[in-house]
Q: 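Input: one structure, supplied below.
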There are 2 protein chains.
Amino acid sequence: MTDRNAANTRSRILEIAGELFRTKGYAGTSIADITGRLGTSKAALYYHFPSKEHILDAILGDSLAAHARIAELADGNATAEELLGALVDLVAGAGTVLAVFGNDPSVVAALSQRESDYRLRDKDSRIVAALAGPRPTTAARIRAQAAIAVAKDGTRMILAGRDRGLRKAERAELLAAALRAHHGQGGTR
Amino acid sequence: MTDRNAANTRSRILEIAGELFRTKGYAGTSIADITGRLGTSKAALYYHFPSKEHILDAILGDSLAAHARIAELADGNATAEELLGALVDLVAGAGTVLAVFGNDPSVVAALSQRESDYRLRDKDSRIVAALAGPRPTTAARIRAQAAIAVAKDGTRMILAGRDRGLRKAERAELLAAALRAHHGQGGTR
DNA sequence: GTCTATACATCGATAGAC
DNA sequence: GTCTATCGATGTATAGAC
């Protein structure tokens with residue numbers, strides 16, 4: 001059972017770090033915390049990753065890409081259903097990590113400190129704008145935010161503390177709730 | 001302008017710490033960060049608070065109490081409208097801080113590590129149970145989570161990065177969206 | 001109430017042997 | 001690939017003067 005190849009150790013590090021970042025926060029997790037579970041020394045970890053921040057990047061990589069793709073979608077002329085469905089899928093899929101870590105202020109601070117274009121909040125506001133429509137009323141913007149809250153945080157809450165992903169029926173139910181929050185009762189938009 | 005009385009300095013510390021905890025996270029904020037803005041030495045801060053954790057407690061005190069009150073409400077027979085409205089008010093009022101900090105894993109970890117009964121997740125699940133009803137279907141539970149997501153995270157998103165509180169019309173719009181998310185289209189419950 | 005100075009632990013990260 | 005040992009910086013917190 002001594003799979004001492006680099007790829008395996010690397011993925012174990014990502015798994016353990018992800019779990020710890022989620023429960024203790026990025027800033028609240030030390031390299032020693034990670035290697036404590038990994039069962040190696042701190043120095044061993046640095047053979048696989050050059051820094052703690054590189055571990056975070058490796059974990060968030062796919063999620064950030066998926067998030068960016070949704071922001072692109074928002075800039076096009078996607079329907080509300082497509083957008084909100086994509087958000088649900090983001091959180092349920094590659095972006096589960098992001099949805100969870102996006103709530104960690106120390107993660108947001110770490111990302112936005114870099115000049116990189118990891119502008120989380122920016123992308124979010126483009127999605128809001130797409131759902132609220134051009135020159136939106138206050139009410140329209142609130143409904144847009146409400147729908148996004150369902151798609152992101154609702155999905156996150158459903159998935160919290162369980163192993164398996166989102167079932168098709170669950171996805172449909174979430175999307176329907178998001179759409180109800182978005183539309184006025186009579187289907188305003 | 002040199003208000004050097006203890007009460008004033010104390011409240012300035014809370015204000016500054018709150019801002020920093022929000023943007024950098026609890027674990028990501030150091031005492032030096034706080035006193036840097038406060039304009040005093042680190043030792044001076046320790047005259048007002050015995051530890052960093054006590055600062056967190058002082059900030060969260062009111063919010064946690066308000067949160068507990070809502071959980072009590074959920075155990076009684078409050079209507080969905082009352083519950084969701086109370087949640088909106090919690091986030092918009094005393095609990096803004098909690099809604100924001102509740103997302104910081106390092107805060108949750110700090111609170112739940114203590115044997116204290118600050119069981120955030122626990123209280124949340126009582127609210128879910130109240131909204132989903134007895135022996136709920138999967139769909140009912142999802143709709144309950146969706147409604148809570150609107151009331152909590154939707155409200156938080158609306159208030160993010162602005163000074164003034166929630167206007168009456170905004171509150172009504174949020175509550176309506178939460179209720180739409182909660183009910184099936186035809187008003188299942 | 002606030003200061004300087006410091007104790008002592010832990011942080012992220014590195015050196016160099018194996 | 002992993003180790004022991006350690007670096008320098010920073011973390012929380014304290015001692016004691018003013």
Side-chain angles (χ1 to χ4, degrees), chain A residues 1-21 23-60 101 104-111 113-114, chain B residues 1-60 101 104-107 109-111 113-114:
Chain A
M1 200 49 112
T2 45
D3 273 328
R4 289 202 164 182
N5 59 81
N8 187 20
T9 303
R10 194 189 137 96
S11 70
R12 281 191 59 218
I13 291 172
L14 291 179
E15 193 179 344
I16 292 169
E19 157 85 13
L20 288 173
F21 288 174
T23 54
K24 305 181 55 171
Y26 172 65
T29 300
S30 70
I31 302 295
D33 287 334
I34 300 172
T35 54
R37 290 212 196 175
L38 187 62
T40 71
S41 66
K42 287 191 289 173
L45 181 146
Y46 279 94
Y47 172 82
H48 299 276
F49 291 94
S51 78
K52 183 183 172 183
E53 200 158 354
H54 277 79
I55 300 177
L56 179 64
D57 282 352
I59 292 176
L60 288 182
F101 289 15
D104 183 346
S106 64
V107 169
V108 177
L111 292 183
Q113 193 175 2
R114 288 200 297 252
Chain B
M1 200 47 114
T2 44
D3 274 326
R4 288 203 166 182
N5 60 81
N8 188 18
T9 304
R10 195 188 136 96
S11 70
R12 281 190 59 219
I13 291 172
L14 291 179
E15 194 179 342
I16 293 169
E19 157 86 13
L20 288 174
F21 289 173
R22 206 185 70 230
T23 54
K24 305 181 57 171
Y26 172 65
T29 301
S30 70
I31 302 295
D33 287 334
I34 299 172
T35 56
R37 290 211 196 177
L38 187 62
T40 72
S41 67
K42 289 187 286 173
L45 181 143
Y46 279 95
Y47 171 82
H48 299 276
F49 292 94
S51 77
K52 184 182 171 184
E53 200 158 355
H54 277 80
I55 300 177
L56 179 64
D57 282 353
I59 292 177
L60 289 182
F101 290 14
D104 184 345
S106 63
V107 170
L111 293 183
Q113 193 175 2
R114 288 200 298 253

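Here the structure is a predicted model, which means the values were calculated and not measured. Chain naming here is simple, since letters A, B, ... match the order of the sequence lines and numbering starts at 1 in each. Keep in mind that the numbers below use all heavy atoms, side chains included, and drop hydrogens, waters and symmetry copies.
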Q: Tell me whether the OP1 or OP2 atom of dT2(C) has a side-chain N or O from Thr9(B) closer than 4.0 Å.
A: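 For dT2(C), OP1 or OP2 has a side-chain N or O of Thr9(B) closer than 4.0 Å.
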Q: Could you check Leu56(B), Asp57(B), Ile34(B), Leu14(B) and say which one makes a side chain to side chain contact (heavy atoms under 4.5 Å, CB included) with Phe49(B)?
A: Leu14(B)
Q: Nearest whole Å is fine: how far is dT2(C) C1' from Arg12(B) CZ?
A: 13 Å
Q: Within the 4.0 Å limit for protein heavy atoms, which parts of nucleotides 3-16 of chain D are touched? Write it as a string from 5' to 3', B for base, S for sugar-phosphate only, - for none.
A: BB------SBBBB-
Q: Distance check, rounded to the nearest 0.5 Å: Tyr46(B) atom OH versus Thr35(B) atom OG1?
A: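 The OH atom of Tyr46(B) sits 9.5 Å away from the OG1 atom of Thr35(B).
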Q: Looking at Glu15(A) and Arg12(A), is any side-chain nitrogen of the basic one under 4.0 Å from a carboxylate oxygen of the acidic one?
A: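 No.
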Q: Using atom NZ of Lys24(A) as one end and atom P of dC11(C) as the other, report the distance to the nearest whole Å.
A: 8 Å
Q: Quick check against the 3.5 Å criterion: does Lys52(A) have a side-chain atom that pairs as donor or acceptor with the backbone of Thr29(A)?
A: yes
Q: Does Asp104(B) reach the main-chain N or O of Phe101(B) with its side chain, forming a donor-acceptor pair under 3.5 Å?
A: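 No.
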Q: When the distance from CD1 of Ile13(A) to C1' of dG1(D) is rounded to whole Å, what number comes out?
A: 11 Å
Q: Evaluate side-chain contact (heavy atoms from CB on, under 4.5 Å) for Ile55(B) paired with Leu45(B), printing each intermediate quantity in order.
A: CA-CA 10 Å; Ile55(B) 300 177; Leu45(B) 181 143; 3.9 Å; yes
Q: Find the distance Phe49(A):CZ to dG1(D):P and express it as a whole number of Å.
A: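 The distance from CZ of Phe49(A) to P of dG1(D) comes to 13 Å, rounded to the nearest Å.
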